[in-house]
Amino acid sequence: METDPVTRFLHALTPSSREAVRALDRDRQEAMAEEWERRLRDETELMTLSELDPPSAETRAAEEVAQGLR
């Protein structure tokens with residue numbers, strides 16, 4: 001299992017969002033990965049989804065963070 005937060009964050013993104021985030025510098029990627037982990041930990045709506053379908057919750061949170069790029 002991968003433990004690097006940026007790698008896990010990138011894996012949770014859709015392919016088009018993944019490419020956009022990969023184009024960013026490492027510091028920005030790390031900040032986005034931290035925000036993604038915070039959302040997974042703190043948002044109650046995602047907590048419920050993560051119990052039922054963890055990959056969907058991770059993707060949803062990752063895409064919400066990536067929306068900041070657009």
Considering non-hydrogen atoms only, spot the tightest contact between [X] and [Y] and give its length.
X	Y	value
R28	D25	N-OD1, 2.9 Å
A57	L40	O-CD2, 3.7 Å
W36	A12	CZ2-CB, 3.9 Å

> Counting heavy atoms not belonging to E45, are there more than 12 under 6.0 Å from its CD?
Replying inline: no
Judged by atom type as modelled, is there a donor-acceptor pair below 3.5 Å linking the side chain of [X] to the main-chain atoms of [Y]?
X	Y	answer
Q29	V21	yes
E30	V6	no
S17	L13	no

> Rounded to the nearest 0.5 Å, what separation is found between the OG1 atom of T14 and the CD atom of E63?
Replying inline: 3.5 Å
> What residues form a side-chain hydrogen bond (donor to acceptor under 3.5 Å, both in side chains) with R38, not counting sequence neighbours?
Replying inline: E35
>> What I'd like to find out is whether the side chain of P5 reaches to under 4.5 Å of the side chain of E34, using heavy atoms alone.
In response: no
>> Run E64 and E43 through side-chain contact (heavy atoms from CB on, under 4.5 Å) and show every step you take.
In response: CA-CA 12 Å; E64 288 174 1; E43 290 188 13; 3.8 Å; yes
>> Check this for me: does any side-chain nitrogen of one of R8 and E58 sit under 4.0 Å from a carboxylate oxygen of the other?
In response: no
